[in-house]
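One structure below.
Each chain gets a letter, A, B and so on, in the order the sequences are listed, and its residues count up from 1.
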Amino acid sequence: MKLGYPCKNWSIDCIGDKTFRLKSYSEHRLIDTIQNNLECLKEMLTFNVKHHLLFFRISSDIIPFASHPINTFDWRDYFLDTFEDIGTLISLNNIRISMHPDQFIVLNSPKHDVVQRSIEELRYHADLLDLLQCDSTAKIQLHVGGIYNDKQKSLQRFIERYNDLPNSIRKRLVIENDDTRYSVNNCIHIFKETKIPILLDVFHHSLLNNNESLEKVLMETSRTWHKKDGVLMVDYSEQAPGLRKGSHTKSLTVSKFKKFLELSKPYDFDIMLEIKDKEQSALRALNIVKKDTRFQQFTSE
DNA sequence: TCACGTCAAGCAGAT
DNA sequence: ATCTGCTTGACGTGA
C-alpha cells in the first residue's frame, strides 16, 4: 500500500503545472515552462520520497499544448535527459505514477474530431510515461465518457474505441467510476469485454452505485488488476461539508479515513488522496497508514 | 500591485 | 438559457 496526492504540492515553492495562454504561445515560452515544470516535478518527487509518499499523479499540464497542433516542437527529444533523470528517481524509489487526462478527453463521443483529439492527448500521456521509463504499473485514468441519451450504445462505443487504441495507450489506460454517469457496475461490464483495469473512486462510488457495499466493489475492482498492472489504484476523497454534493473536502477527516482503512482490510491497493490541501492531508493520512499492516509489508520489502 | 475577465478542448446536472 | 464542476485556479490585460 502506497499513499499519495495529485499534481501539486503547496509546501514547496515550486509550481509544477504552469501553463500559459494559446495567444502567448512561443517556442521559447514552451521550453521555459516545460523546464520549470520538470524541475518542480523532480522537487515534488524528492519531497515525497523524503516523506514516504510513494504514489503521485503527474499533472497533464506538465507539457502545455502537448497534443495541440500549434506545438510542433520536439520536446520529447529536447528533454530526453531530464526525463531519464526523473525516471531514475521514480524507479530507484519505486514510486507509483498515475495521470488523469482532463474532461475534454472523451473516447466514446459520437463526434469523430473529439475522439481523434482525445486519442492524440492519450498518446501524449503514454509518451510521457514511456519517456520517464515507467513500467506498466504507471497508469492513465479516464472516465468512460458521455451518455448521449443511450447508455448501452455509449458503453459499446467505449469498448470498440478502446479495442482500436494502439497498444502503447492500452497498456496504461484504466477506467474510473464517476459520480453521475458510469458506476463501478458499468465499468465491470466494460472490463468483461476489454480486460481494462478499473480504478475505484470510493467517493464517486458513495454518490453513484447500485447499493453494492464498498467491500464488494473493492473485491471486484481488485480482480481487474493483474501483476503487470500493479495493485489496484483507489481515489479517496470526502464530501466537503456545506458545499454541494460531490464537492471535495478541503482537509481529510481522520476518523472517516480510519474507518475506510478498517473496512478495506482484506485488500491491498495504492491510495490517491483527492483532498484540496494536497500533501498536508497526505501527511496526516500517512501517520494512520503507517500503522496499517498493508503499509508495513511494503516498507519491509 | 491588484482586480477581474477569460482561458484549447466536453459533458451533464443544477440553477 | 446559462452556469458550474470536473483533478484544479492561473494567466494576463488594464488601470
For [X] and [N], is the shortest distance between a side-chain N/O and OP1 or OP2 below 4.0 Å?
X	N	result
A:H100	C:dC6	no
A:H204	C:dT7	yes
A:R29	C:dG12	yes
A:K8	C:dA10	yes

On a heavy-atom basis, which atom in [X] and which in [Y] lie closest, and how many Å separate them?
X	Y	answer
A:N186	A:K151	OD1-NZ, 2.9 Å
A:D270	A:K2	OD1-N, 2.8 Å
A:E220	A:T224	O-CG2, 3.5 Å
A:E238	A:I275	N-CD1, 4.4 Å

For [X] and [N], give me the distance from atom [atom1] to atom [atom2], rounded to whole Å.
X	N	atom1	atom2	value
A:K278	C:dT8	NZ	C1'	6 Å
A:D61	C:dG9	CG	C1'	11 Å
A:Y236	C:dT7	OH	C1'	17 Å
A:I15	C:dG9	CD1	P	11 Å
A:M233	C:dT7	CE	C1'	15 Å
A:K139	C:dT7	NZ	P	20 Å
A:L207	C:dT7	CG	P	11 Å
A:D277	C:dG9	CG	C1'	16 Å

N/O donor-acceptor pair, side chain A:R21 with base B:dT6, under 3.5 angstrom: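 Present.
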Pair A:N185-A:S183, side-chain hydrogen bond (donor to acceptor under 3.5 Å, both in side chains): steps then yes or no: CA-CA 5 Å; A:N185 254 9; A:S183 66; 5.3 Å; no
Plane angle bin for A:Y236 and A:F257 - parallel if under 30°, tilted between 30 and 60°, otherwise perpendicular: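 Taking A:Y236 first and then A:F257, their aromatic rings stand perpendicular (interplane angle over 60°).
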Please report the distance separating the [atom1] of [N] from the corresponding atom of [M], rounded so that it comes out in whole Å.
N	M	atom1	answer
C:dT13	B:dA8	P	12 Å
C:dG9	B:dA12	P	25 Å
C:dT7	B:dT1	P	36 Å
B:dA3	C:dC6	C1'	26 Å
C:dG5	C:dA10	P	15 Å
C:dT8	B:dC7	P	23 Å

Heavy atoms of other groups near A:Y78 OH, more than 12 under 6.0 Å: no
Over 12 non-hydrogen atoms of neighbours within 6.0 angstrom of NZ in A:K259: no
By the 4.0 Å heavy-atom rule, please label [X] as base, sugar-phosphate, or nothing.
X	value
A:S60	nothing
A:S237	nothing
A:P69	nothing
A:D102	base

A:L218 reachable from A:L263 in the ILVMFWY side-chain graph, under 4.5 Å edges: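 Yes: a chain of side-chain contacts under 4.5 Å links A:L263 to A:L218.
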Joint cluster assignment, A:V49 & A:L283, ILVMFWY side-chain distance < 4.5 Å: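 As far as the 4.5 Å side-chain criterion goes, A:L283 and A:V49 are connected within one cluster.
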Nearest to side-chain heavy atoms of A:K18, which nucleotide of B:dA8, C:dC11, C:dT7: C:dC11
Nearest to side-chain heavy atoms of A:S24, which nucleotide of B:dA9, C:dG12, C:dC6: C:dG12
Where DNA chain B forms stems, i.e. three or more consecutive Watson-Crick or G-U pairs with both distances under 3.5 Å: B:1-7 with C:9-15, B:10-15 with C:1-6
Summary of protein contacts for nucleotides 10-15 of chain B, nucleotide by nucleotide, where a base hit scores B, a sugar-phosphate-only hit scores S (4.0 Å, heavy atoms): BBS---
Closest-nucleotide ordering on DNA chain C, the 5'-leading residue of A:W10 and A:E176: A:E176
Verdict with supporting geometry, A:S11 and A:Q280, side-chain hydrogen bond (donor to acceptor under 3.5 Å, both in side chains): CA-CA 8 Å; A:S11 302; A:Q280 293 304 317; 3.0 Å; yes
